[in-house]
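Here's the structure we're looking at; comments come further down.
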Amino acid sequence: ALKLLVCEPQVKPMELKPLFGDRVRSINEALAHADIIVLLVAHTRFTLLDQHLIHTRVVLDFCGVLQSSKQAQKNFWPTATAACMYMKHK
C-alpha cells in the first residue's frame, strides 16, 4: 500500500498538520519509512541526508539538491532522468 509522508524542514510540523494531517514527519522518521525519496525543494538540510539511507532508496531529485554530490548512483534519478522516465510511462 502506498503511504505518502511529508517532511518540510523550514515549516513547523504544527503548521503543516491542517494540510497533511498524520502524514507530517521529521526528516529522520520520514527517511526511515521511505522506499522512495522525492525532493521537490532545494533545502540545504536535504544535502545532509544519511548516506546509508540515500544509497538504499530510490531518490527522485527534482531540484538538483544531490545532483553534484557523490550520492548519485543507479538509484538516484536527477530531474532530467525522472522527467524522461515519466514521459516513457505516459
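For residues 25-41, the set of pairs meeting the side-chain hydrogen bond (donor to acceptor under 3.5 Å, both in side chains) definition, not counting sequence neighbours, comprises Arg25-Glu29.
Among residues two or more places apart in sequence or in another chain, the side chain to side chain contact (heavy atoms under 4.5 Å, CB included) test is passed with Ala42 by Cys63, Val65. Ile27 is linked by a side chain to side chain contact (heavy atoms under 4.5 Å, CB included) to Cys7, Pro9, Leu31, Arg45, Phe46, Leu49, counting only residues two or more places apart in sequence or in another chain.
Separating the NZ atom in Lys3 from the CZ atom in Arg23 is a distance of 9.5 Å, to the nearest 0.5 Å.
When hydrophobic clusters are built by joining Ile, Leu, Val, Met, Phe, Trp and Tyr residues whose side-chain heavy atoms come closer than 4.5 Å, directly or via intermediates, Val41 is not grouped with Val6.
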In residues 10-21, what donor-acceptor pairs under 3.5 Å come from side-chain atoms, sequence neighbours left out?
none

